Enquirer: 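Below is one structure. I have some questions about it.
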Amino acid sequence: MKEFTILTINPGSSSTKCGLVKGEQVLLDQTVDHDRSEFADCKTFADQEPIRIQLIRDALKKADVDLSQVDAVVGRGVGLYACAGGTYEIDNLVYDHATRDVAGIHHPATLGIKIAYQFGKELEVPAYFVNPMPVDELCDVARMTGIKDCYRPARSHPLNQKQVAIHHSEIVGKKYEESSYIILHLGGGISVTAHKKGRAVDGNRAGDAQGPISPNRSGDICVDDIATLMKRGVTFDEIYEYASNKGGLVDLVGTDDLRKVKEMIASGDKFAKLSYDAMVYTIIKWTAMMGGALYGDVDAILMTGGMANDKEFIDQISEGVKWIAPVYVYPGSFETEAMASGAIRVLSGREEVKKYTGKPVWDGFDF
């Protein structure tokens, strides 16, 4: 069977991560740094497209990448309406929606689709996006709140989570679509998600003040807590910042670096220890909650993300959740591999490519 070669594009605020994957081997995983001055004349992230393309092209040339060998290009899927997981072709509608950022993400990651589309046209190969940020596969009851017409959206880390789930399933000789997992993405933000038969049916709303205390996110905030903070003079926008990027350990102890927190604990800082222990405790609690969402039918608990490299941290969580199901650890982030694998599954005929409809996958109940 042919080993397909895939070029991946994953833009960030100050850099663009470029990958080249052949079969299961990552040939290149390079970060192209950007100076903010390069985008001084750009009014929108979309305006950065030609500049980033040229910088990427220069970096690939310097790395002696032969683009004529590329079979497909994959861009990070951001800025679109919610859709189910899978591998999607990038067509004119997808390009237009990413350009307009219809999801209102306001992040340069929306350029992933745009840049992949342009490289695909240039190389005359397919362009795809895989398990995009707005993957929404929630079951009906998970969407509900106790307020009519107020529904829960999906907020997790689908690209990395689904790649880990597929990889683990292959290792144990099963299919992701036949398995049930609780998957923990442990990074600056933490998502704990219930995956049932190939779908992410429930999970916390990472970055929306729901879930475990995280390195830089507050985790669960009760409406009464919000009222108390506002009475103290904290604005709603400031509270949202606590929820999305300035809460958690960074607000409690002044850093979101787990190594530094442990140094503080070792030096006798009791509040740092309490904050760290509370994060571990809430992760365990949310994992158990997702076990309930799966009615106890859990094949495995999979842990991934940057903090999964910390063995002591992982051991503490494992001790609290191992009664639910066996625990497996896949440290780090596999975004490059995830994007390439999605394209390879389609090119090899193992998975059908999907078409983006331009409409949210869920837009209310039909009753």
Side-chain angles (χ1 to χ4, degrees), residues 155-157 182-194 202-293 301-325 327-333:
R155 294 280 191 275
S156 66
H157 297 85
I182 302 171
I183 306 182
L184 285 64
H185 178 97
L186 303 166
I190 294 173
S191 57
V192 184
T193 310
D202 202 352
N204 67 300
R205 290 171 58 177
D208 283 352
Q210 186 184 58
I213 295 171
S214 305
N216 54 40
R217 298 177 186 178
S218 67
D220 292 332
I221 302 178
C222 175
V223 65
D224 187 63
D225 299 329
I226 296 173
T228 297
L229 289 170
M230 295 184 76
K231 288 175 183 177
R232 293 177 186 172
V234 182
T235 68
F236 181 80
D237 287 342
E238 289 171 333
I239 293 171
Y240 192 79
E241 286 287 291
Y242 286 129
S244 60
N245 59 39
K246 291 183 179 179
L249 294 182
V250 74
D251 184 65
L252 292 169
V253 298
T255 180
D256 57 3
D257 188 327
L258 205 58
R259 294 165 298 183
K260 292 182 180 179
V261 176
K262 288 190 170 185
E263 289 173 3
M264 296 167 69
I265 295 171
S267 67
D269 189 326
K270 293 182 179 180
F271 188 73
K273 184 178 188 312
L274 176 62
S275 300
Y276 171 85
D277 288 346
M279 180 173 71
V280 172
Y281 173 80
T282 55
I283 292 170
I284 292 170
K285 186 167 66 173
W286 266 91
T287 304
M289 194 184 304
M290 290 303 104
I301 296 171
L302 312 179
M303 300 192 197
T304 185
M307 289 199 297
N309 286 291
D310 188 314
K311 186 177 183 305
E312 181 186 30
F313 175 66
I314 290 301
D315 286 347
Q316 289 172 309
I317 298 171
S318 298
E319 187 63 28
V321 303
K322 64 184 181 181
W323 57 274
I324 302 171
V327 178
Y328 299 85
V329 184
Y330 297 94
S333 178

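Residues: numbered from 1 along the sequence shown. Predicted model only: the values in this text are computed from it and were never measured.
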Enquirer: Rounded to the nearest 0.5 Å, how far apart are CG of Leu252 and CE of Met279?
Expert: 10.0 Å
Enquirer: What residues form a side chain to side chain contact (heavy atoms under 4.5 Å, CB included) with Val250, not counting sequence neighbours?
Expert: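 Checked Val250 against side chain to side chain contact (heavy atoms under 4.5 Å, CB included); matches are Asn216, Asp256.
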Enquirer: May I have all residue pairs that pass salt bridge (charged side-chain N to carboxylate O under 4.0 Å, His left out) and include part of residues 207-217, sequence neighbours excluded?
Expert: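 Sorted pair list: Arg155-Asp208, Arg205-Asp208.
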Enquirer: Would you please name every residue forming a side chain to side chain contact (heavy atoms under 4.5 Å, CB included) with Asp225, sequence neighbours left out?
Expert: Ile221, Cys222
Enquirer: Just jot down the side chain to side chain donor-acceptor pair (under 3.5 Å) partners of Thr235, sequence neighbours excluded, or say none.
Expert: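 Scan of Thr235 (side chain to side chain donor-acceptor pair (under 3.5 Å), adjacent residues dropped) gives Glu238.
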Enquirer: With sequence neighbours excluded, what pairs up with Tyr328 under the ring-ring contact (aromatic ring centres under 6.0 Å, His included) test?
Expert: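 By the ring-ring contact (aromatic ring centres under 6.0 Å, His included) rule, Tyr328 matches His168.
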Enquirer: Would you please name every residue forming a side chain to side chain donor-acceptor pair (under 3.5 Å) with Arg232, sequence neighbours left out?
Expert: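 Result, side chain to side chain donor-acceptor pair (under 3.5 Å) vs Arg232: none returned.
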Enquirer: Please list, chain by chain and in numerical order, all residues satisfying salt bridge (charged side-chain N to carboxylate O under 4.0 Å, His left out) with Lys285, sequence neighbours excluded.
Expert: none
Enquirer: Only counting residues at least two apart or in another chain, list the ones meeting side chain to side chain contact (heavy atoms under 4.5 Å, CB included) with Asp310.
Expert: Leu258, Lys262, Glu312, Phe313
Enquirer: So which atom in Asp251 and which in Tyr242 form the shortest heavy-atom distance, rounded to 0.1 Å?
Expert: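 So the two residues come closest at OD1-CE2, 3.5 Å.
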Enquirer: Can you tell me if Ser214 uses its side chain to pair, donor with acceptor, with the backbone of Pro212 under 3.5 Å?
Expert: yes
Enquirer: Looking at residues at least two apart in the chain, or sitting in another chain, which of them share a side chain to side chain donor-acceptor pair (under 3.5 Å) with Thr193?
Expert: Gln161
Enquirer: Roughly how far apart are Thr304 OG1 and Ile183 CD1, rounded to 0.5 Å?
Expert: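 Here the rounded value is 9.0 Å.
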Enquirer: With sequence neighbours excluded, what pairs up with Ala243 under the side chain to side chain contact (heavy atoms under 4.5 Å, CB included) test?
Expert: Ala209, Ser218
Enquirer: Go through the structure and list residues passing side chain to side chain donor-acceptor pair (under 3.5 Å) with Asp202, not counting sequence neighbours.
Expert: Arg152
Enquirer: Check salt bridge (charged side-chain N to carboxylate O under 4.0 Å, His left out) between Asp220 and all other residues, then give those that pass, not counting sequence neighbours.
Expert: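 Once residues adjacent in sequence are excluded, Asp220 has no partner under the salt bridge (charged side-chain N to carboxylate O under 4.0 Å, His left out) criterion.
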Enquirer: Applying the side chain to side chain contact (heavy atoms under 4.5 Å, CB included) criterion to Leu186, which one of Ile283, Val329, Asn309 satisfies it?
Expert: Ile283
